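Some notes on the structure that comes next.
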Amino acid sequence: MRHALRICAVALCLISTSCAQGVSDEHGNSTLRALKAAVSEGRYMYGHQDDLCYGHFWTHPEDILNDRIEGSDVFSVCGDYPAVVGFDLGGIELGKEENLDGVNFDYMRRAAMEHIARGGIVTFSWHARNPWTGGDAWDNSSDKAVASIIAGGGKEKEFELWLERLSAFLGSIRNPDGTQAEVIFRPWHEHMGGWFWWGIDTCSADEYIALWKKTYAYINELKGLTEIIWAYSPNSDVDKDEYMVRYPGDDIVDLLGIDHYQYSDFDTYINRLKTCLGYMSELGEEHEKNIVISETGYEGIKDAKWWTSLNEGIKDYPIGYVLTWRNAWDQQGHFYGPYPGADCEEDFRSFYSLDNTLFLKDIK
Ligand code: BMA
């Protein structure tokens, strides 16, 4: 039942006409091709945030530079790694050793490279600190934050140093042969909400787009990191027009994502998700982009059949992957993935066994 996608990806590449105008397709980006191949077969990949870094009450090895990268709640439950592993770069901008959740960046680099070497896909988000107030990503107290780091804002040089540090890290993620790795980068997410300093309440559409363009120009053009796949991911409480209102442009976006969580009953959650996936499917066709569920989950998963119910809700949409958020190692109820002993453990194994869900063994 489990099978390799690579052959399909190659075949698809040979027959595909020039597809998206996106930055990466022209380089023959194999990650984008693998996502397209999954969609063309009616399948999607499973992803988990921080899966290789820590999990429900365990954290990464003490010898971060030498110990093997093996720990994974997903692996412990189903004997396979997620196809997609997410990491967060929050803190890299200040030159910190660890990210905002205590993940050492040297370890993160090793884990990302190991996952890539095993044939997996890696995605990075960035909960960057507020450049104007010095607060965290959630410090939305000033409408000067974005304005301060784009042209004429006064904090541009400081922000360029942040981009320098970020680029150095992204550029250090390599394939086993030493070449630059393809990684998904998903900056300035959930920007149609007001909770981050780059959100709707504290910057204009022009400022948001200028922020994206500046980030892209620095990393892709100045630093030459052309293998990076740029993912756009608004929060889900938007309609089709709102989804696109701050869209940076087809030439600098490769993937269309959505961040959506369950806060009350399942039906409310899945119906909203389906609405978004419906218009995203149209947008994906119109703009020739893959669509993905870039973040989702139900904190504490208080529903023993959550995984197979999720599959029922999303399986007919052309999504490349669905990524559930992290299993915090230090907070009892803050988990969005499975772990041994969780109520949803058995159901996750059923989700794993489905023909249309792809894990690492299926895509390598
Ligand atoms: C949030 C929570 C926080 C975490 C942040 C960045 O959704 O999980 O605890 O610090 O993501 O990973």
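Index from 1, following the sequence. The model shown is predicted, which means the values in this text are computed figures rather than measured ones.
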Next item on the list: Only pairs at least two apart or in different chains count here, so list each side chain to side chain donor-acceptor pair (under 3.5 Å) that has a residue in residues 235-244.
Entry: Asn235-Asp237, Ser236-His260, Lys240-Glu282, Lys240-Glu286
Check: Going from CG on Leu354 to OG1 on Thr308, what distance comes out if it is rounded to the nearest 0.5 angstrom?
Finding: 7.5 Å
Item checked: Aromatic contact, Phe185 with Phe124 (centres under 6.0 Å) -> no
Notebook entry, point to check: Taking atom types as modelled and ignoring hydrogens, do the side chains of Ser294 and Tyr232 form a donor-acceptor contact shorter than 3.5 angstrom?
Noted result: no
Check: Only one of Lys214, Arg165, Lys223, Lys155 clears salt bridge (charged side-chain N to carboxylate O under 4.0 Å, His left out) with Glu160; which?
Finding: Lys214
Notebook entry, point to check: So, does Asn327 use its side chain to make a donor-acceptor pair with the main chain of Pro338 at under 3.5 Å?
Noted result: yes
Checklist line | Minimum heavy-atom distance between Thr202 and Asn140, given as atom pair plus value | finding: CG2-O, 3.5 Å
Next item on the list: Report the residues that fulfil side-chain hydrogen bond (donor to acceptor under 3.5 Å, both in side chains) with Asp330, sequence neighbours left out, ordered by chain and then residue number.
Entry: none
Checklist line | Distance-minimising heavy-atom pair for Asn356 and Gly42 | finding: CB-O, 3.6 Å
Check: Where is the tightest heavy-atom contact between Lys364 and Gly119, given as atom of each residue plus distance?
Finding: CB-CA, 3.9 Å
Margin query: Check Lys302 with Asp343, please: is the shortest side-chain N to carboxylate O separation under 4.0 Å?
Written below: no
Next item on the list: Give the cluster check for Leu94 versus Trp188: same hydrophobic cluster or not, with ILVMFWY residues linked at side-chain heavy-atom distances below 4.5 Å.
Entry: yes
Next item on the list: Measure from the side-chain N and O atoms of Lys144 to the backbone N and O of Trp132, and report whether any donor-acceptor pair falls under 3.5 Å.
Entry: no
Note to self: The criterion is ring pair (Phe, Tyr, Trp, His ring centres under 6.0 Å); which residues satisfy it with Trp195, sequence neighbours excluded?
What the structure shows: none
Item checked: Test side chain to side chain contact (heavy atoms under 4.5 Å, CB included) applied to Val84 - qualifying residues, sequence neighbours left out -> Met45, Ile121, Thr123, Tyr321, Leu323
Note to self: Looking only at side-chain N and O atoms, does His287 offer a donor or acceptor that is under 3.5 Å from a partner on Asp250?
What the structure shows: yes
Check: Would the His56 and Tyr54 ring centres measure less than 6.0 Å apart?
Finding: no
Notebook entry, point to check: Which residues pass the salt bridge (Lys or Arg N to Asp or Glu O under 4.0 Å) test with Glu156, sequence neighbours left out?
Noted result: none
Note to self: Filter on side chain to side chain donor-acceptor pair (under 3.5 Å), then keep only pairs touching residues 268-281, sequence neighbours left out; what's left?
What the structure shows: Asp265-Thr268, Tyr269-Thr296
Check: Using 30° and 60° as the class limits, which term best fits the ring planes of Trp198 and His189: parallel, tilted or perpendicular?
Finding: tilted
Next item on the list: Apply the side-chain contact (heavy atoms from CB on, under 4.5 Å) test between Ser233 and each candidate in Leu255, Asp259, Val292; give the one that qualifies.
Entry: Asp259
Item checked: Heavy atoms from other residues, nucleotides or ligands near CD of Glu70 exceed 12 (cutoff 6.0 Å) -> yes
Notebook entry, point to check: Are any side-chain N or O atoms of Trp197 and backbone N or O atoms of Arg129, one a donor and one an acceptor, separated by less than 3.5 Å?
Noted result: yes
Next item on the list: Indicate yes or no for a side-chain donor-acceptor contact from Arg174 to the backbone of Gly171 under 3.5 Å, with no hydrogens or angles considered.
Entry: yes
Note to self: I'd like to check the side-chain hydrogen bond (donor to acceptor under 3.5 Å, both in side chains) partners of Ser204; sequence neighbours left out, ordered by chain and number.
What the structure shows: none
Notebook entry, point to check: Does the Asp201 side chain pair with the main chain of Gly193, one donor and one acceptor, at a distance under 3.5 Å?
Noted result: no
Next item on the list: With sequence neighbours excluded, tell me which residues meet salt bridge (Lys or Arg N to Asp or Glu O under 4.0 Å) with Glu285.
Entry: none
Note to self: Regarding Trp58 and Asp73, do their side chains bring together a donor and an acceptor under 3.5 Å, going by distance alone?
What the structure shows: yes
Item checked: Heavy-atom donor-acceptor pair, Asp139 side chain to Asp136 backbone, under 3.5 Å -> no
Notebook entry, point to check: Glu295 pairs by side-chain hydrogen bond (donor to acceptor under 3.5 Å, both in side chains) with which of Gln49, Arg186, Arg326?
Noted result: Arg186
Note to self: Could you work out, with salt bridge (Lys or Arg N to Asp or Glu O under 4.0 Å) as the rule, every residue matching Glu299, not counting sequence neighbours?
What the structure shows: none
Item checked: Expected output: side-chain Ser309 to main-chain Lys305 donor-acceptor under 3.5 Å -> yes
Margin query: Ring centroids only, cut at 6.0 angstrom: are His127 and Trp138 within range, meaning strictly under it?
Written below: yes
Next item on the list: Would you check if the side chain of Tyr336 reaches a backbone N or O of Tyr261 as a donor-acceptor pair within less than 3.5 Å?
Entry: no
Margin query: Closer than 3.5 angstrom, by distance alone: can the side chain of Gln180 be matched with the main-chain N or O of Glu182 as a donor-acceptor pair?
Written below: no
Margin query: Do Asp80 and Val74 make a side-chain contact, defined as non-hydrogen atoms from C-beta onward lying under 4.5 Å apart?
Written below: no
Note to self: The criterion is salt bridge (Lys or Arg N to Asp or Glu O under 4.0 Å); which residues satisfy it with Asp347, sequence neighbours excluded?
What the structure shows: none
Sequence neighbours left out, cut at 3.5 Å: what donor-acceptor pairs do the side chains of residues 107-114 make with other protein atoms?
unit_1, atom_1, unit_2, atom_2, d
Tyr107, OH, Leu52, O, 2.8
Arg109, NE, Ser172, OG, 2.7
Arg109, NH1, Asp106, OD1, 2.9
Arg110, NH1, Ile64, O, 2.7
Arg110, NH1, Asp67, O, 3.1
Arg110, NH2, Asp67, O, 3.0
Glu114, OE2, Arg118, NE, 3.2

Margin query: Tell me if the centroids of the rings in Tyr46 and Phe348 come within less than 6.0 Å of each other.
Written below: yes
Notebook entry, point to check: Quick one: ring pair (Phe, Tyr, Trp, His ring centres under 6.0 Å) pairs with a partner in residues 140-168, sequence neighbours left out?
Noted result: none
Check: Does the Trp212 side chain pair with the main chain of Ile252, one donor and one acceptor, at a distance under 3.5 Å?
Finding: yes
Check: What do you reckon, is NZ of Lys213 surrounded by more than 12 foreign heavy atoms closer than 6.0 Å?
Finding: no
